[in-house]
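Please read all numbers here as calculations on a predicted model, not as lab measurements.
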Amino acid sequence: PAPPTPTNTRVPTPFPTQPKLPTPTVVFSGFPTAIAPPTATLRPLPPPPNATATPTFAPPPVVDRQYSVSFRAQANDLFKGDCTRLEWDVVGSTQVRLQGQDVEPSGSEKVCPERTTDYTLEVQMPDSTQIDRKKVKIRVQ
């Protein structure tokens with residue numbers, strides 16, 4: 001029966017309720033007992049490489065740099081009082097000096113030595129402290 005409503009009228013239920021029956025238990029027999037798969041043995045990972053190791057430096061790739069030095073005199077043998085012209089052409093340097101004075105990478109200079117003299121062209125290589133030196137000897141008679 002349905003419970004009474006506030007107006008004391010009963011509302012019928014659409015279906016009668018059935019009593020609940022217990023669920024039957026099924027027993028299987030004659031089957032082998034299940035065996036659990038073997039468990040894997042866990043091993044700790046090796047420690048990471050030393051985190052404070054000094055990093056190695058890989059030099060930048062070698063670039064085909066154009067580097068050349070040409071240094072010459074128009075005449076290497078002079079008589080006293082004669083003059084000649086020193087000429088140079090340098091490609092790929094950061095600094096060029098003739099007899100200790102800064103000069104342009106390409107140029108020439110007139111010289112009139114009184115005696116046999118060595119003239120030196122110094123060229124500093126890019127990205128280096130190396131200085132390349134070229135000498136020209138002017139002999140005076």
Side-chain angles (χ1 to χ4, degrees), residues 1-7 9-141:
T5 62
T7 59
T9 57
R10 293 183 172 218
V11 178
T13 57
F15 300 105
T17 56
Q18 298 277 334
K20 291 195 176 199
L21 300 174
T23 306
T25 304
V26 179
V27 177
F28 293 100
S29 62
F31 291 101
T33 306
I35 301 174
T39 59
T41 304
L42 297 177
R43 287 183 248 176
L45 292 173
N50 186 354
T52 60
T54 304
T56 57
F57 173 74
V62 176
V63 178
D64 184 22
R65 292 189 177 153
Q66 297 292 329
Y67 176 75
S68 65
V69 177
S70 172
F71 183 42
R72 63 200 167 277
Q74 287 180 338
N76 292 82
D77 293 305
L78 302 175
F79 290 104
K80 193 169 185 170
D82 288 346
C83 297
T84 188
R85 186 161 289 282
L86 299 175
E87 299 172 340
W88 62 91
D89 187 31
V90 179
V91 177
S93 70
T94 57
Q95 184 178 28
V96 181
R97 297 175 73 112
L98 176 64
Q99 296 298 98
Q101 300 298 313
D102 287 336
V103 293
E104 292 296 316
S106 293
S108 66
E109 185 172 309
K110 180 179 175 182
V111 293
C112 307
E114 295 283 322
R115 61 185 183 278
T116 299
T117 305
D118 287 332
Y119 291 91
T120 304
L121 186 74
E122 295 176 336
V123 179
Q124 176 141 15
M125 312 294 222
D127 304 326
S128 174
T129 57
Q130 179 181 351
I131 295 177
D132 190 11
R133 289 178 177 85
K134 301 291 182 187
K135 292 190 182 252
V136 169
K137 182 181 280 270
I138 306 292
R139 289 175 290 281
V140 178
Q141 298 181 5

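- You'll find the side chain of Asp102 reaches within 4.5 Å of the side chain of Gln95, heavy atoms only.
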Lys134/Thr120 under side-chain contact (heavy atoms from CB on, under 4.5 Å): CA gap, chis, key distance, verdict:
CA-CA 6 Å; Lys134 301 291 182 187; Thr120 304; over 6 Å; no
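- The nearest pair of heavy atoms linking Pro113 to Ile138 is CG-CG2, 3.8 Å.
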Check the pair Val96, Leu121 against side-chain contact (heavy atoms from CB on, under 4.5 Å), reporting the backbone distance first and the verdict last.
CA-CA 7 Å; Val96 181; Leu121 186 74; 3.7 Å; yes
If you look only at distance, which donor and acceptor atoms sit under 3.5 Å apart when one is on a side chain in residues 85-93 and the other is two or more places apart or in another chain?
residue : atom : partner : partner atom : Å
Arg85   : NH1  : Ser108  : OG           : 3.2
Glu87   : OE1  : Arg72   : NE           : 3.3
Glu87   : OE2  : Gln74   : NE2          : 3.1
Trp88   : NE1  : Glu104  : O            : 2.9
Asp89   : OD1  : Ser106  : OG           : 2.3

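- The shortest distance between side-chain heavy atoms of Val140 and Glu114 does not fall below 4.5 Å.
- Taking CZ from Phe71 and CZ from Arg133, the interatomic distance works out to 13.0 Å, rounded to the nearest 0.5 Å.
- Atom CD of Glu109 and atom OG1 of Thr84 lie 11.5 Å apart (nearest 0.5 Å).
- Remark: side-chain polar atoms of Asn76 are paired, donor with acceptor, to backbone N or O of Lys137 under 3.5 angstrom.
- With Arg139 as the partner, the salt bridge (Lys or Arg N to Asp or Glu O under 4.0 Å) test is satisfied by one option alone out of Asp82, Asp77, Asp118: Asp77.
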